S.K.: 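Just dropping this structure here.
In what follows, every chain begins at residue 1, and chains take the letters A, B, ... in the order their sequences are listed. Here the structure is a predicted model, which means the values were calculated and not measured.
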Amino acid sequence: MRHLELRPGLYRDSVRLMQISGALTHAPGVHHALVAMATELNLDLLTDLGIVRPEAASPNDLLVAIVVDDDDSLAVALELLERELAGPGAATGMSVAGLTGGGIGGTPVGVGTGQIAPRTTASAARLLSGPGLALVSTPGRYAFVEAVDAMDAGLSVMIFSDNVPVDQEVLLKQTAAERGLLVMGPDCGTSIVGGVGLGFANVVRPGPVGVVAASGTGAQQLMSLLAVPGGAGISHCLGAGGRDMSEQVGGRTTHAALDLLDADESTGLIVVLGKPPAPRVAAGIRAHAAALATPVIVAPLGAGETDLTAVTEQVLARLGVAAPRWPAWTPSGARAATGGWVRGLFSGGTLCVEAMMITVSSLGPVRSNVPLRPEWRAGTGTDGHVMLDLGADEYTRGRPHPMIDFGPRCALLEREAADPRVGVLLLDVVLGHGAHPDPAAELVPVIQTALARRPTDLTVVVSLIGTPDDPQGLTHQAEALCAAGAWVHLSNAEAARRAAEVARRAAEATLGAASPAHEAVTRPHAGSDRTAGDR
Amino acid sequence: MTGAARLAAMLLREPQVVAVGASALADALADQVAPHVRVDWRPPPVGTEDDLARVYADPRRVAANATAVSRMLAAGASLVDVCRAGDVVGLEPGQFCHAGPPVRWERASGPLRGALIGAMLLEGLAGTPEEAERLLAAGRLADGTPVELIPCHDRGGVGPMAGVVSPSMWAWVLRDETHGTSSWCTLNEGLGKVLRYGAYGPEVIDRLVWMGDVLGPAFAAALRVTGPVDVKAIIGQMVQMGDEGHNRNRAGTLMLLRDLVPAVVEHANLPAAAAARVARFVGGNDHFFLNLVMAAAKLQSLAAADIPGSTVVTVMSRNGTDFGIQVAGTGSKWFTAPAGTVDGLYLGAYGPDDANPDIGDSAITETIGLGGFSMAAAPAIVRFVGGTVGDALLTTQRMYEITLAENGAYALPVLDFRGAPTAIDVTRVIRTGILPQINTGIAGRIAGTGQVGAGLVTPPMECFRAALRALAAASPGDRP
């Protein structure tokens with residue numbers, strides 16, 4: 001039997017709803033459960049459940065669809081739903097963890113007093129008792145207002161959300177400059193400020209390297225590589241947002257962050273990362289960097305630029321540290337060549353772009369939703385080599401980010417592995433706070449099944465972004481993925497080279513023909529870098 | 001702290017983080033044991049995003065709201081006079097003030113019609129209720145003078161329930177010396193069959209005549225001797241004595257009595273029995289002071305009127321048909337929607353079917369943070385307006401989510417003397433979906449009935465959406 005209801009005005013974020021849907025699906029007698037905001041994307045999913053979509057649903061309504069054995073099972077499931085909706089992250093949930101002494105206005109006293117959770121950023125800011133900042137991760141069209149609220153309260157702000165109009169971004173950053181505040185983002189996946197990881201953040205050790213990054217996963221790759229034993233620690237990582245180095249935004253946050261880190265006594269070396277910048281903006285940033293007292297390595301992605309692993313090696317060299325061999329895990333009985341098309345399924349936009357830049361010289365055209373050239377734009381179901389940024393808007397609207405929700409990526413992996421023309425599956429696995437608590441648990445069964453079906457002509461390569469202190473356990477994740485049969489590299493560049501090599505060698509062996517691979521690498525087409533759920 | 005210093009401080013030690021949006025990211029802060037506050041965020045209504053962004057991009061907004069708040073908090077309220085409404089309001093024959101946004105006879109509710117009939121009888125403009133109704137419907141007095149209905153707010157005053165004011169009624173006059181402004185409100189008639197609830201029987205008219213002949217002049221005489229009475233100070237005390245200033249005014253009433261009765265006895269030239277009647281009338285009507293709270297509230301909200309760019313609500317008012325609000329940034333423009341029904345308790349055999357939609361200017365008390373906003377101050381009446389003491393505390397706490405300031409002059413003991421939630425922000429009402437909480441009386445639907453109950457009501461959200469649209473349209477420039 002099928003149960004469908006709409007609950008108007010009941011809001012939970014998409015990650016919380018994914019968790020609730022998961023809990024319900026595991027309830028006895030439940031075949032499928034979808035608890036989600038009634039967005040177009042989610043309403044479309046009803047069809048798969050054999051349920052006719054309701055008329056007059058608003059994206060602010062909570063959609064509850066359950067396919068279940070019988071009335072009794074439904075009653076149990078609905079009871080569970082109520083508990084879950086009332087649970088952590090529910091309307092009454094409020095934590096001021098670590099805050100002592102109450103905030104402005106004090107704590108109410110008296111019989112039966114409760115405290116209600118703040119409903120706006122401005123209201124929450126009243127509870128702070130020291131230097132603070134706001135982390136905004138609402139859907140993008142609402143982020144501007146919350147960010148303004150934060151700045152009105154004197155807080156700097158990190159905007160994790162994407163889909164924020166660029167004119168709003170410019171206005172926010174202008175206002176921040178006038179008021180001596182910092183706006184990190186929009187579309188800022190990662191920051192580490194004063195030791196606190198914001199967004200998707202790896203657990204790093206303190207050290208001299210200050211990072212300014214207009215690319216979240218780029219920063220995560222750099223910090224993960226620096227975190228190897230004998231590497232280097234991080235002072236702060238200030239995200240700028242994927243568009244900061246565009247012509248329109250003009251690198252406003254990058255400039256502000258450079259000054260901030262230059263004045264910071266714990267920072268001894270600054271690294272500027274980003275997606276390919278507008279030339280004029282890049283020139284301005286280089287000039288600014290050259291004028292600072294602190295040495296700066298400016299290394300955005302782009303034609304003629306080094307990859308993130310090479311940037312890391314430069315950083316270590318500047319610190320007088322010898323670059324290590326980057327950790328890698330080789331599966332037992334690994335095949336050197338399986339040939340076929342490469343399918344890159346990435347959760348990190350920068351990692352996807354980097355992989356394409358590295359492999360295009362040997363593979364030739366790599367099609368993508370964030371293509372290096374406009375004419376290579378393609379989505380799923382395209383022939384040839386394809387690398388996709390599954391964190392881009394078109395895959396995440398109304399859904400959690402693929403670093404959190406592995407469902408769609410696992411489904412894609414299964415489908416691509418079933419295509420005999422596909423020979424190499426390349427994927428990133430990003431660890432750290434905010435990411436899935438155990439990615440290997442999701443991926444291992446899928447990888448095992450795929451390799452069991454195609455024991456001789458399929459290779460799986462994983463670039464594993466994480467530090468030894470990440471909560472998921474770097475070694476545990478690497479070993480589990482490797483035991484399932486995947487090549488695992490801490491360096492995304494090495495993983496990409498591995499994938500290309502495996503595909504190429506077989507191609508040369510079977511075709512014996514020259515590849516069309518010597519095309520010049522051009523600037524990647526403007527695309528969205530890492531995006532998160534709820535953006 | 002300078003901006004640069006503040007920024008640098010952020011890097012020096014673990015920052016405190018406000019987390020708004022995805023719960024997973026707040027969870028990640030909890031996992032790091034990083035100090036953080038979670039916002040219980042929900043999306044605003046579909047279709048308001050662009051207007052909200054425009055208003056938040058208005059460069060005037062922050063300073064305008066700061067001005068509105070400081071003016072509201074600085075506003076004083078002293079009782080300086082009692083006189084005929086005709087003199088203070090400036091009403092000509094045929095002109096009547098009423099509560100709420102503008103309304104014509106054709107759309108007027110039962111209690112407003114009843115009160116207008118009573119006013120016609122009081123002024124001698126009609127001999128019978130039927131004649132009064134006929135003339136009002138025709139829109140002309142017997143001598144051809146046009147009948148004109150004027151919102152009290154348009155004349156700088158307020159009227160409870162129907163709020164009908166005619167020239168020979170008497171009114172309190174209050175003064176805000178800080179801003180040099182005045183306001184007025186009629187004298188309270190008591191409970192039951194009274195004009196403001198739409199009753200117009202002989203006992204209603206007789207009482208109004210006595211109030212004009214004896215009560216008003218007695219207080220006028222007393223005030224001439226005592227000098228101005230600091231109403232703001234009395235309100236500050238009453239909210240610490242169990243009154244919220246809308247549905248409970250007992251302490252305020254007794255303090256007024258304390259301040260004025262000796263002078264009435266000594267200087268009003270009344271026989272002992274008449275002076276005693278004055279004292280008994282005031283002391284027997286727990287709501288007598290409400291009308292002074294309303295006039296004081298009008299002064300406080302008036303202080304924030306006409307500040308371009310400000311999103312602060314300056315008027316919330318109902319005429320029994322429509323609910324209307326005004327906002328500082330849009331002057332005296334009304335944003336109206338159909339008035340809601342009151343959720344409450346009923347007197348005697350009356351029930352919801354007997355109730356008129358929400359009516360009265362008394363929501364001016366909530367507009368400045370009293371009434372429903374200060375429910376936490378009045379545990380004694382929580383059952384009357386529904387719920388428990390805990391509900392009352394939560395109601396006040398919820399109101400802090402939609403207001404910009406706390407009024408230290410009206411401090412609420414049970415909330416550790418936190419100031420009353422003050423300066424309702426249109427944008428926060430939209431963003432949170434939390435509507436202002438109003439305590440109110442319920443008038444009978446049929447003209448002539450009077451009061452049938454009391455309870456709780458909220459304004460229609462549409463008023464705030466319309467105000468937001470207007471604020472967005474008034475926002476300068478082509479910024480987002």
S.K.: Given heavy-atom pairs under 4.5 angstrom as the criterion, report whether the side chain, backbone, both or neither of A:Ala124 touches chain B.
M.R.: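 Contact with chain B: backbone and side chain both.
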
S.K.: Using every non-hydrogen atom in the two residues, find where A:Leu133 and A:Met184 come nearest and quote the distance to one decimal.
M.R.: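 In this case the closest contact between A:Leu133 and A:Met184 is CD2-CE, 4.4 Å.
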
S.K.: Could you look at A:Leu172 and say if it's the side chain, the backbone, both or neither that has a heavy atom under 4.5 Å from chain B?
M.R.: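 Neither the backbone nor the side chain of A:Leu172 comes within 4.5 Å of chain B.
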
S.K.: Could you tell me which portion of B:Phe417 (side chain, backbone, both or neither) has an atom closer than 4.5 angstrom to a non-hydrogen atom of chain A?
M.R.: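 Interface part for B:Phe417: neither.
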
S.K.: Looking at A:Ala435, A:Ser235, A:Gly197, A:Ser266, which one has more heavy-atom pairs under 4.5 Å with chain B than the rest?
M.R.: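 Between A:Ala435, A:Ser235, A:Gly197, A:Ser266, the count favours A:Gly197.
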
S.K.: Can you find a heavy atom in the side chain of B:Pro44 that is under 4.5 Å from one in the side chain of B:Leu52?
M.R.: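 Yes, close enough: below the 4.5 Å cut-off.
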
S.K.: As an exercise: rank A:Ala176, A:Gly434, A:Gly130 by heavy-atom pairs under 4.5 Å with chain B and give me the winner.
M.R.: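 Most heavy-atom pairs under 4.5 Å with chain B: A:Gly130.
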
S.K.: Under a 4.5 Å cutoff for heavy-atom pairs, which residue among A:Ala153, A:Gly154, A:Ala143 has the most contacts with chain B?
M.R.: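 Ranked by heavy-atom pairs under 4.5 Å with chain B, first place is A:Gly154.
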
S.K.: With a 4.5 angstrom heavy-atom cut-off, which part of A:Val148 approaches chain B: side chain, backbone, both or neither?
M.R.: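 Answer is side chain: those atoms of A:Val148 sit under 4.5 Å from chain B.
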
S.K.: Counting heavy-atom pairs closer than 4.5 Å to chain A, which one of B:Thr432, B:Val18, B:Leu12, B:Ile434 comes out on top?
M.R.: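 Sorted descending by pairs with chain A, the first entry is B:Val18.
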
S.K.: Go through the atoms of B:Thr403 and report whether side chain, backbone, both or neither lie under 4.5 Å from a heavy atom of chain A.
M.R.: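 Backbone only.
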
S.K.: Quickly, which of A:Leu182, A:Leu238, A:Leu198 forms a side chain to side chain contact (heavy atoms under 4.5 Å, CB included) with A:Met158? Name it, please.
M.R.: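 Passing option: A:Leu198.
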
S.K.: Taking the cut-offs as 6.0 angstrom to the six-membered ring centre and 45 degrees off its axis, would you call B:Arg431 and A:Tyr142 a cation-pi pair?
M.R.: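 No; the conditions do not both hold, so B:Arg431 does not lie above the ring face of A:Tyr142.
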
S.K.: Establish, yes or no, whether a centroid distance under 6.0 Å links the rings of A:Phe200 and A:Phe160.
M.R.: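 Close enough - the centres of the two rings lie under 6.0 Å apart.
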
S.K.: Tell me, yes or no, whether the heavy-atom count around A:Arg7 atom CZ, taken from other residues, nucleotides or ligands under 6.0 Å, exceeds 12.
M.R.: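 For A:Arg7, atom CZ is crowded (more than 12 foreign heavy atoms under 6.0 Å).
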
S.K.: For A:Gln248, is the CD atom crowded, meaning more than 12 foreign heavy atoms sit under 6.0 Å from it?
M.R.: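 Open.
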
S.K.: I'd like to know which of B:Arg428, B:Glu49, B:Arg398 tops the heavy-atom pair count under 4.5 Å against chain A.
M.R.: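 Heavy-atom pair counts peak at B:Glu49.
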
S.K.: Given a strict heavy-atom distance threshold of 4.5 Å, which part of A:Thr121 is in contact with chain B: side chain, backbone, both, or neither?
M.R.: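 Both backbone and side chain of A:Thr121 come within 4.5 Å of chain B.
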
S.K.: Is a salt bridge present between A:Asp152 and A:Arg179, judged by a nitrogen-to-oxygen distance below 4.0 Å?
M.R.: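 A salt bridge links A:Asp152 with A:Arg179.
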
S.K.: Can you tell me which portion of B:Val17 sits under 4.5 Å from chain A's heavy atoms? Options are side chain, backbone, both or neither.
M.R.: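 Looking at B:Val17, backbone and side chain both touch chain A.
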
